[in-house]
Undergrad: 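One structure follows; several queries about it will come next.
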Amino acid sequence: MEELAKQYSPKDVEDKWYKYWQDQGFFKGSPCSGKKPYSIVIPPPNVTGILHMGHALNESIQDILIRYHHLRGFQSLMLPGTDHAGIATQNVVEKSIAKLGLTRQKIGRAEFIKRVWLWKEEYGSTIVHQLKKLGVSCDWSRERFTMDDEYSEAVKTVFVALWEKGLIYQGNKVINWCPRCQTALSDEEAPHNELQGSLYYIKYPLKEPAEEKYLVVATTRPETMLGDTAVAVNPKDKRYKNLIGKSLVLPLCGRQIKIIADHSVDMQFGTGAVKITPAHDFNDYITGKKHNLEFINLMHPDGRMNENAGNYNNLDRFKAREIILHDLQEQGLLEKIEPHQLSAGHCYRCHTIIEPYLCPQWFVKMAPLAKPAIKAVKQGKIKFHPERWTKVYLNWMENIQDWCISRQIWWGHRLPVYYCRKCHDSQLSAVSLQLSASARKSFNGIIVSKEFPKKCPKCGSTDIYQDEDVLDTWFSSWLWPFATFYWPNFLRLAVSGQRPTVSDQQRKEELSAESKKLKADLKYFYPTSTLVTAPEIIFFWVARMIMAGLEFMHQIPFKDVYLHGTVRDAEGKKMSKSLGNIIDPLKIIEEYGTDALRFSLISITAQGQDVFLSKERFEQGRNFANKIWNASRFILLNRKRAGICVDLVDFAKKNKLSVINRWMISRFYSCLEQVQNDLDNFRFNEAANTLYSFFWHEFCDWYLELIKPEINDPATEAVTNALLEQYLRLMHPFMPFITEEIWQKLQVAQGLSIMQTDWPRMQKKLLDIAAENQMQLCCEIITTLRNMRQEIEVAAQDLISAKIFAPDESSLRVLEPFSGYIKNLARLDNLSIACQYQPKSCEYVTLLKQIHIVIPLSGVVDLKQQLDNCNQKILKLNSEIKNKRSMLENKDFVGRAPKEIVNAERGKLTQMLNQLKKIEAIKDALR
RNA sequence: GGGCGCAUAGCUCAGUUGGUUAGAGCGCUACAUUCACAUUGUAGAAGUCGUAGGUUCGAGUCCUAUUGCGCCCACCA
């Protein structure tokens, strides 16, 4: 028999098994007609990503689901891949070429993209390798990247389809602009954060001063005043009623602007007069449209003021603010400054304060897409877990805004938008870019097409160029659940492109066969089963996938969405590089092992609650792995032969099993039922904790200790081995490596892997409540005796005598078979079990339920302790009896509570009274 | 301004549909090392379940209000 080391060493087994599983193709998910599919597409991590605890938690949960369903007989598929992460990746590569003294502008678009691909080839697989360390059962042969050629086809197809449906339009609107990344962002990419700022009160002189010389406006961004084209007041505001329609002279630039009336102005805020800067504020844009105001763009794309800012040209927007304030002060036009809390959008990639910026961008009209997506969730076709996220989803969807999808960066899917220089550019002007639906009906030189158009459909010109912008990364991610299956063309371009040796005909046939296969693949695995992700990306990703799925596949993309919490540090802060509070999963794996990492993470993740993590947490997982290891070691060391993992159902039928074996088998199945139930309801931590306490506290602490003397009994040996083997299968989704390692050592079936077994089937017939109750009593007697030994200070190694008195003959018969177990675990050299206790002095007695447990004492003994115990118990019992009595005397309780409950309570009272009598008898004997 | 989450043992948290005496891990106290495991075992101490009302025969659990902490959404300049 192979020796097991005294301690479990994850390093020796993890890589070995992962390679084996992969080599054997166990992770491969191919359609299988006899099996139900269970599929998960993993949230593709950014190619620039490095593994953090969030990934570790996310992947662990998914892998548990996959391995669990795999064992339960589903054809499972965990599809991996990475996201090209437009802005993030571009930033990383820009930084790397900056070290060579280069900028992307210097090297040009083509060269830059080439470098990004090179970077991707070199570093893009880092995250993939790291994911493998987590033991995830991804089908790596299906790994996808959102910039794969085939994937790009899907993106283009979707763009064109939405365009043709009139759901994509180009518009000149105020959008979120990041002056550092120099691109537009969607609303979701510009989260608002609180800032401590100031509210500046600025005097705007009236053109024709009367009683009033000035109108004072309050603003948080004084630099934008140079772009003001009106000041608005509320028409109901008595203070300003007579000023409406009058003109003001804009300080510092002398331009004249009108005072207008608008109901949206809050009279309570500031002075009740609002400067209107339509090109640099979302509200003002709307007001500007409404009142037909002029739009003045004040800034260069990098956040410096432009020529429209006059003297402040070329100054950074914040520097300009300082100087403008200084100049206003000098001219006596700055009335006052108040501290003011405000919130401003920040770039989610570089955290720069975004600038509301007027420029032409491309948008998706979302409301029509949202409608069916709302319905699907309301009808329960897609369920969120925990359920509360449903509301968050619906609230966002019901107030959905159009999605700005164009980005002024280079890395990403280029818009499939082309312009005829002749037809388009001639009518180009900044303002006329606002294209209404009706305007688009007549051709304006814009060609939206998957392919580069050969000529302009109107004028036939070949002078055509492509739009410079690329699409928002999420415009590709939202197709992930089906684009990863080679939708819509079902062709693998990389494969079809080569193979010069085969004939055209042959290749055609091959391609059509492959395409058929890919189509079947999608049909089999889509809709996917469960999406596991973090709540932060409900809007970015989850909601949009639902919309895309319904729009393009006419089916939901997944049935269940499980949202897990955010991993935080012990203080509750988000883990981040800049805070330096990161716990690196790879270091944890190195130190404690992957199984420990997975188990610890799962066991502390209550349904969607955030996880507060400290390194010590992982000790629990490591210790548990070691416990499993050592219990197995014990079983393996003691067994006479390999391969004795019997079928429990069959074995129980053919053999009359002892109560202890029936008990443990019963406990196992009750554990199984619980775990299954928990997993089916996304209660991963409950499942983990059930498995933990069953194994450690029931199987090891009690069962193995109890059976030690009879370890070589053939029936016990068979049951023990079978239970361990089946337990390993339950444990496998949580701790894949150690369970495989031990399972192999058990030599259950030569040449097979634990991954090729089945999840044990529930056996209701093997649940044995009687055996459970009896064994529980046995254990309680042992615990009571151990406790009594400590109270009378018997040394741990000493053997003593004890007596047990049952209340009646039938309980006596139940207790008698336990004599050996009790003697052994309570360290007794002599135990008598009899009926009907008679109080005596000189003995230490404890009452357990109706059973007297007695340790005879010899010599001079201090009985004060025992007397104290008795008194304490009597006191407690009396108060409990009083409560129970008043409860049962309450007519409402007796009348309204269910009969079972009332009867149970009556029974309890009887027992308590009985108990009280007996304790008083013991006390009397002490005197 | 709207919405959500959390408050339970010294610490970190479980507690599914209201029904025995509210649980775990860590920590703490005492004891134990020729025993599968000291990454261990045995026993123990420790909680008026944030506060105030309400519903109910019965509330940690349901309702209302309130306090504190955290998060999300929203155009208050």
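Keep in mind it's a predicted model, so treat the numbers as computed, not measured. Hydrogens, waters and symmetry mates play no part in the numbers below; they use all other heavy atoms, side chains included.
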Undergrad: Using modelled atom types and a 3.5 Å cut-off, is there a donor and acceptor pairing between side-chain atoms of A:Asn824 and backbone atoms of A:Gly820?
TA: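 Such a contact is absent between A:Asn824 side chain and A:Gly820 backbone.
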Undergrad: Any sub-3.5 Å donor-acceptor pair from A:His346's side-chain atoms to A:Ala344's backbone N or O?
TA: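 A pair under 3.5 Å: yes.
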Undergrad: For A:Glu619, which contact category applies under a 4.0 Å heavy-atom criterion: base, sugar-phosphate, or nothing?
TA: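 Answer is nothing: A:Glu619 stays at 4.0 Å or more from every strand.
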Undergrad: In dot-bracket form, how is RNA chain B paired, counting a Watson-Crick or G-U wobble pair only if both its distances are under 3.5 Å and using | for bases paired to another strand?
TA: (((((((..((((.....[...)))).(((((.......))))).....(((((..]....))))))))))))....
Undergrad: Among A:Tyr592, A:Phe737, A:Trp629, exactly one meets ring pair (Phe, Tyr, Trp, His ring centres under 6.0 Å) together with A:Tyr8. Which residue is that?
TA: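 Result for ring pair (Phe, Tyr, Trp, His ring centres under 6.0 Å) with A:Tyr8: A:Trp629.
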Undergrad: Quantified in whole Å, what is the C1' atom distance between nucleotide B:G68 and nucleotide B:A52?
TA: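 Going atom to atom, C1' in each nucleotide, I get 15 Å.
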Undergrad: Compare all side-chain heavy atoms of A:Glu880 with those of A:Lys908 and state whether any distance is below 4.5 angstrom.
TA: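 When only atoms from C-beta onward are counted, A:Lys908 and A:Glu880 do not touch, as no gap falls below 4.5 Å.
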Undergrad: Looking at every strand, decide which applies to A:Arg789 at a 4.0 Å heavy-atom threshold: base, sugar-phosphate, or nothing.
TA: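 The residue A:Arg789 makes no contact with any strand.
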Undergrad: Nearest-nucleotide wise, let me know which of A:Met887 and A:Cys700 is further upstream toward the 5' end of RNA chain B.
TA: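 First, find each residue's nearest nucleotide; the 5'-ward one identifies A:Met887.
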Undergrad: Which listed nucleotide (B:U42, B:C73, B:A36) is nearest to the side chain of A:Gln790?
TA: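 Among B:U42, B:C73, B:A36, the one nearest the side chain of A:Gln790 is B:U42.
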Undergrad: For A:Leu785 and B:C31, give me the distance from atom CG to atom C1', rounded to whole Å.
TA: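 One finds 17 Å between C1' of B:C31 and CG of A:Leu785, rounded.
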Undergrad: Would you say A:Asn623 reaches B:U40's phosphate, i.e. side-chain N/O to OP1/OP2 under 4.0 Å?
TA: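 For A:Asn623, the contact criterion (side-chain N or O under 4.0 Å from OP1 or OP2 of B:U40) is met.
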Undergrad: Rounded off to whole Å, could you give me the CG-to-C1' distance for the A:Asn721 and B:A36 pair?
TA: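 Whole-Å distance recorded here is 14 Å.
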Undergrad: Is there a donor-acceptor contact under 3.5 Å from the side chain of A:Asn630 to the main chain of A:Lys6?
TA: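 Confirmed, A:Asn630 side chain pairs with A:Lys6 backbone.
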Undergrad: Return the value, rounded to whole Å, for the distance between atom CD of A:Glu387 and atom C1' of B:U16.
TA: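 In whole Å, B:U16 C1' lies 13 Å from A:Glu387 CD.
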Undergrad: Please report, rounded to the nearest Å, how far the P atom of B:G27 is from the CZ atom of A:Arg617.
TA: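 About 12 Å, once rounded to whole Å.
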Undergrad: May I ask you to evaluate whether A:Arg827 reaches the phosphate of B:U42, defined as a side-chain N or O under 4.0 Å from OP1 or OP2?
TA: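 False: A:Arg827 side-chain N/O out of range (4.0 Å or more) of B:U42 OP1/OP2.
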Undergrad: Nearest-Å distance, CZ (A:Phe624) to P (B:C37)?
TA: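 After rounding, the reported distance stands at 18 Å.
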Undergrad: Could you tell me whether the side chain of A:Glu705 has a donor or acceptor atom within less than 3.5 Å of a complementary atom in the base of B:A36?
TA: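 Checked by distance alone, the answer is yes.
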Undergrad: Regarding A:Pro898, tell me which of base, sugar-phosphate or nothing describes its non-hydrogen contacts under 4.0 Å with the strands shown.
TA: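 Touches a base.
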Undergrad: B:U16, OP1 or OP2 - any side-chain N/O from A:Asn677 closer than 4.0 Å?
TA: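 No, A:Asn677 has no side-chain N/O under 4.0 Å of OP1/OP2 on B:U16.
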Undergrad: May I ask you to decide if A:Thr224's main-chain N or O and A:Arg317's side chain share a donor-acceptor pair within less than 3.5 Å?
TA: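 No, the answer is negative, given that no donor and acceptor are paired below the 3.5 Å cut-off.
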Undergrad: Looking at A:Trp696, I'd like to know whether one of its side-chain N or O atoms comes within less than 4.0 Å of OP1 or OP2 on B:A24.
TA: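 Indeed not, no polar side-chain atom of A:Trp696 lies that close.
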Undergrad: Heavy-atom distance under 4.5 Å between the side chains of A:Asp228 and A:Asp284, does that happen here?
TA: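 Side chain of A:Asp228 against side chain of A:Asp284, heavy atoms only: no contact under 4.5 Å found.
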Undergrad: Counting the atoms with a prime plus P, OP1 and OP2 as sugar-phosphate, which does A:Phe539 contact under 4.0 Å by heavy atoms, base, sugar-phosphate, or nothing?
TA: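 The answer is sugar-phosphate, as A:Phe539 gets under 4.0 Å only of primed atoms, P, OP1 or OP2.
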Undergrad: Does A:Glu616 reach a base, just sugar-phosphate, or nothing at all? Heavy atoms under 4.0 Å.
TA: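 Touches nothing.
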Undergrad: Listing time: all N or O pairs from protein to nucleotides 75-77 of chain B that are below 3.5 Å?
TA:
| from | atom 1 | to | atom 2 | distance (Å) |
| --- | --- | --- | --- | --- |
| B:C75 | O2' | A:Asn283 | ND2 | 2.5 |
| B:C75 | N1 | A:Asn283 | OD1 | 2.8 |
| B:C75 | O2 | A:Asn283 | OD1 | 2.6 |
| B:C75 | O2 | A:Asn283 | ND2 | 2.7 |
| B:C76 | O2 | A:Asp266 | OD2 | 2.6 |
| B:A77 | OP2 | A:His340 | NE2 | 3.3 |
| B:A77 | N6 | A:Asp266 | O | 2.7 |
| B:A77 | N6 | A:Phe269 | O | 3.0 |
| B:A77 | N1 | A:Asp266 | N | 3.3 |

Undergrad: Phosphate oxygens OP1/OP2 of B:G25: is one of them under 4.0 Å from a side-chain N or O of A:His697?
TA: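 Answer is yes, contact under 4.0 Å.
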Undergrad: Does A:Arg786 make a side-chain N or O approach to OP1 or OP2 of B:A43 shorter than 4.0 Å?
TA: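 Yes.
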Undergrad: Can you tell me if A:Lys627 touches the phosphate of B:C37, counting only side-chain N or O atoms and a distance under 4.0 Å to OP1 or OP2?
TA: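 Answer no for this pair, as no side-chain N or O of A:Lys627 is under 4.0 Å from OP1 or OP2.
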Undergrad: Between B:C72 and A:Lys391, is there an OP1 or OP2 to side-chain N/O distance shorter than 4.0 Å?
TA: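 No, A:Lys391 has no side-chain N/O under 4.0 Å of OP1/OP2 on B:C72.
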Undergrad: Do A:Asn689 and A:Asn685 meet the criterion of a side-chain donor-acceptor pair at a distance under 3.5 Å?
TA: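 Side chains of A:Asn689 and A:Asn685: no pair found under 3.5 Å.
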Undergrad: What is the separation between atom CG on A:Asn689 and atom P on B:C26, rounded to the nearest whole Å?
TA: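 Nearest whole value for this atom pair: 12 Å.
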Undergrad: Expressed in angstrom and rounded to an integer, what is the separation of A:Asn685 atom CG from B:G23 atom C1'?
TA: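 Going from CG in A:Asn685 over to C1' in B:G23 covers 13 Å.
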Undergrad: Establish whether the base of B:A38 is bridged to the side chain of A:Lys6 by a donor-acceptor pair shorter than 3.5 Å.
TA: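 Side chain to base: no pair below 3.5 Å.
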Undergrad: Could you walk me through whether A:Met397 and A:Ile400 satisfy the side-chain contact (heavy atoms from CB on, under 4.5 Å) test, starting with their C-alpha distance in whole Å, then the side-chain angles of each, then the deciding distance to 0.1 Å, before giving a yes or no?
TA: CA-CA 5 Å; A:Met397 291 292 266; A:Ile400 200 159; 4.1 Å; yes
Undergrad: May I ask you to say what A:Asn681 touches in the nucleic acid, namely base, sugar-phosphate or nothing, with a heavy-atom cut-off under 4.0 Å?
TA: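 Answer is nothing: A:Asn681 stays at 4.0 Å or more from every strand.
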Undergrad: Measure from the side-chain N and O atoms of A:Arg639 to the backbone N and O of A:Glu717, and report whether any donor-acceptor pair falls under 3.5 Å.
TA: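 Pair absent, no side-chain N/O of A:Arg639 close to backbone of A:Glu717.
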Undergrad: Compute the centroid of each ring, for A:Trp177 and then for A:Tyr357, and state whether the two points are separated by less than 6.0 Å.
TA: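 Ring-ring flag for A:Trp177/A:Tyr357: true, centres closer than 6.0 Å.
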